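I have placed the structure first, in the form of structure tokens, so that the comments after it can refer back to it.
This one's a predicted model, so the numbers in the text were calculated from it and none came from an experiment.
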Number of protein chains: 2
Amino acid sequence: MNDSIHQCARAILDTTPAIVQAMRVEMRAERLHELSVPQFRTLAFIGRHPGCSLSDVAEFIGMTLPSMSVLVNGLVEDDLVLRQPCRIDRRRVTLTLTAAGVTVHTRALDGTLAWLTRQLSPLSELDRVTVLRAMDILRPIFDASQVAATTQEATTA
Amino acid sequence: MNDSIHQCARAILDTTPAIVQAMRVEMRAERLHELSVPQFRTLAFIGRHPGCSLSDVAEFIGMTLPSMSVLVNGLVEDDLVLRQPCRIDRRRVTLTLTAAGVTVHTRALDGTLAWLTRQLSPLSELDRVTVLRAMDILRPIFDASQVAATTQEATTA
DNA sequence: TATTGTTATACTCTATAACTATA
DNA sequence: TATAGTTATAGAGTATAACAATA
């Protein structure tokens, strides 16, 4: 039966927003690090891709260029991100984390991970493995660039 | 090893926001139903719990009372939700979906589910089962309110 | 006094449209 | 002309604080 695919879709629809919402509440409650989920994800991406452009981050996160410009602008004003014009192509900017950005991101990451770990602690080893495998299965599917690609495909088709 | 729990936490942190973000983008792209993810979830909850109070929804979704008041107010103005004072306790309000609310929610649900189904279609049967099981494991952990969760169980059963 | 909800105020998130600068 | 990014404007999401009404 392809009943499983519908059950699966329904389960994702019910569950993932609840997880992210709980994460948002947790991150806001943690007074140590004042980062929203998008800010956190942006910092993480820039940390993993030093010197990336605004378009790179926007595509990965799944936001429009103007939205990301505003978001990054806030991070620059908070001195968490360094935004410099690119020498080779002066239309571009290169983004890197400042020392403060690294610190804040690390602290937020550790805090959120610790909270998540507490939430997951009642699970059996088997359940954890199942969850881990599921996340590995889902991540490539919902990678923002993939979604954008298929959307474009569908539009041009 | 408790290494798996950290891997697991990290995987959830990386993956679930990407899924929800993709969902948000999709829902916004679908011009048919102009619902945000929180609006959609609120409509779903009220549909499953007709006559519920503002506090009930706020707790389930994981929002503060004022935030939910504003959100619901928008839904009332759009004629998707009926908000009436409760006879027994006049401090409370009772929330129900209007006919339009049912229609809009159903359409949004169907549309999002169809999109999700397309995204999941490349997966093997085994992968789907893994994902489904993972969602069933995670949902009770991150449900914003235990009370609402058990109520939902009773209602949906 | 405690509970339910609303209003006031102020951010952030996010989009589209219009613009600038560079290629 | 096409691309990278910013600015202007607007609306939704969300919080805290202060308030009103009811129990």
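Among the heavy atoms of the strands lying under 4.0 Å from B:L65 is at least one base atom, whether or not backbone atoms are also near.
The stretch residues 132-142 of chain A participates, sequence neighbours left out, in these salt bridge (Lys or Arg N to Asp or Glu O under 4.0 Å) pairs: A:D136-A:R139. Among residues at least two apart or in separate chains, side chain to side chain donor-acceptor pair (under 3.5 Å) pairs with a member in residues 78-87 of chain A are A:N73-A:R83. Evaluation of the salt bridge (Lys or Arg N to Asp or Glu O under 4.0 Å) test over residues 88-97 of chain A, restricted to residues two or more places apart or in two chains, returns A:D89-A:R91.
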Scan nucleotides 19-23 of chain D against the protein and return all N/O pairs shorter than 3.5 Å with their distances rounded to 0.1 Å.
unit_1 : atom_1 : unit_2 : atom_2 : d
D:dA23 : OP1    : B:R90  : N      : 2.9

For nucleotides 7-14 of chain D, which of its nitrogen or oxygen atoms have a protein nitrogen or oxygen under 3.5 Å away, and what is each distance?
unit_1 : atom_1 : unit_2 : atom_2 : d
D:dG13 : OP1    : B:S36  : OG     : 2.0

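With sequence neighbours excluded, no residue satisfies side chain to side chain donor-acceptor pair (under 3.5 Å) with A:T117. For the ring-ring contact (aromatic ring centres under 6.0 Å, His included) test, residues two or more places apart in sequence or in another chain that qualify with B:F40 are B:H105. With sequence neighbours left out, B:S67 forms a side chain to side chain donor-acceptor pair (under 3.5 Å) with B:T64. By the side chain to side chain donor-acceptor pair (under 3.5 Å) test, A:R24 pairs with A:Q21, sequence neighbours left out.
A sub-4.0 Å separation between OP1 or OP2 of C:dT4 and a side-chain N or O of B:S53 is absent.
Side-chain contact, A:D56 with A:S53: a donor N or O sits under 3.5 Å from an acceptor N or O.
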